[in-house]
Amino acid sequence: MVFGGGEEPTGSLVRPYAVTRGRTRPQLEIALEALIETTMRGRSGEFLGGREQQAIAHLCGGGLQSLAEIAARMEVPIGVARVLVADMAANGLLAVHEPTAISDDTSDDTVGTDLLERVLSGLRRL
């Protein structure tokens, strides 16, 4: 990651697999629309995280951010953001608020609607 004058990343010079140390599967499954916030432990800064983890803690310290927003603002693929966020959540640095399931019906014609309803539900909680 390359950071500009502020805390926002300006682009990546590091390959995504290097950021996640070659891992492609997260410790926790996290939905794209899951809302994430920095915990008190994460705010304390007393963790041995890389620049990416520090940037995520900063992004989520100012308010809830979705996994998709984190990936976009960090300018990394969603899979990389998912692995980093899952690692931080497992270490108690981030709290992940998964969306509530609206329906258990998984037929093909309701999959798109279910996702949209979960996104809408997440937006209403903001």
Side-chain angles (χ1 to χ4, degrees):
M1 300 267 95
V2 175
F3 294 95
E7 293 294 320
E8 291 287 323
T10 59
S12 177
L13 296 177
V14 179
R15 296 268 185 203
Y17 63 82
V19 173
T20 62
R21 293 180 224 125
R23 292 174 300 122
T24 58
R25 297 197 188 265
Q27 294 179 25
L28 309 166
E29 283 301 319
I30 303 171
L32 284 173
E33 70 274 16
L35 297 177
I36 298 151
E37 67 180 329
T38 304
T39 62
M40 291 301 282
R41 181 173 183 217
R43 285 189 187 107
S44 72
E46 296 178 24
F47 59 91
L48 301 174
R51 295 176 72 169
E52 295 81 15
Q53 289 180 330
Q54 292 172 0
I56 291 171
H58 178 75
L59 279 172
C60 299
L64 295 171
Q65 300 286 318
S66 72
L67 180 63
E69 290 173 312
I70 292 169
R73 291 183 184 201
M74 296 287 298
E75 298 178 1
V76 297
I78 192 71
V80 171
R82 187 174 272 137
V83 168
L84 292 172
V85 168
D87 287 351
M88 292 177 71
N91 290 325
L93 305 172
L94 296 176
V96 177
H97 306 285
E98 287 287 347
T100 57
I102 294 173
S103 171
D104 287 61
D105 183 15
T106 57
S107 63
D108 289 343
D109 57 341
T110 62
V111 172
T113 304
D114 185 35
L115 175 61
L116 290 175
E117 288 187 38
R118 289 190 337 221
V119 170
L120 182 59
S121 175
L123 289 171
R124 285 184 178 145
R125 282 183 283 195
L126 293 175

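Since we're looking at a predicted model, the values are computed, not measured.
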Please determine whether side-chain contact (heavy atoms from CB on, under 4.5 Å) holds for the pair Leu59 and Met74, giving the CA-CA distance in whole Å, both sets of side-chain angles, and the decisive distance to 0.1 Å. CA-CA 9 Å; Leu59 279 172; Met74 296 287 298; 3.9 Å; yes
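When all heavy atoms of Pro99 and Ala34 are compared, the closest pair comes out as CD-CA, 4.1 Å. Here the closest heavy-atom approach between residue Arg41 and residue Gly92 is recorded as CB-O, 3.6 Å. Pairing each heavy atom of Gln53 with each of Met88, the nearest pair is O-CE, 3.3 Å. Nearest approach of Ala89 to Val96, heavy atoms of both residues: CB-CG2, 3.9 Å.
In this structure Glu33 satisfies the salt bridge (charged side-chain N to carboxylate O under 4.0 Å, His left out) test together with Arg118, sequence neighbours excluded.
Rounded to the nearest 0.5 Å, atoms CD1 (Ile70) and CG (Leu32) are 11.0 Å apart.
Remark: side-chain polar atoms of Thr38 are not paired, donor with acceptor, to backbone N or O of Arg43 under 3.5 angstrom. A donor-acceptor pair is defined here as one N or O able to donate and one able to accept, closer than 3.5 Å; such a pair exists between the side chain of Thr39 and the backbone of Leu93. Proximity of a side-chain donor or acceptor of Arg82 to a complementary backbone N or O of Leu67 within less than 3.5 Å is not detected.
Every pair tested for salt bridge (Lys or Arg N to Asp or Glu O under 4.0 Å) that includes a residue from residues 53-70 fails, sequence neighbours excluded, so the list is empty.
Under the side-chain contact (heavy atoms from CB on, under 4.5 Å) test applied with Leu94, the options Ile30, Asp87, Leu84, Ile56 reduce to a single match, Ile56.
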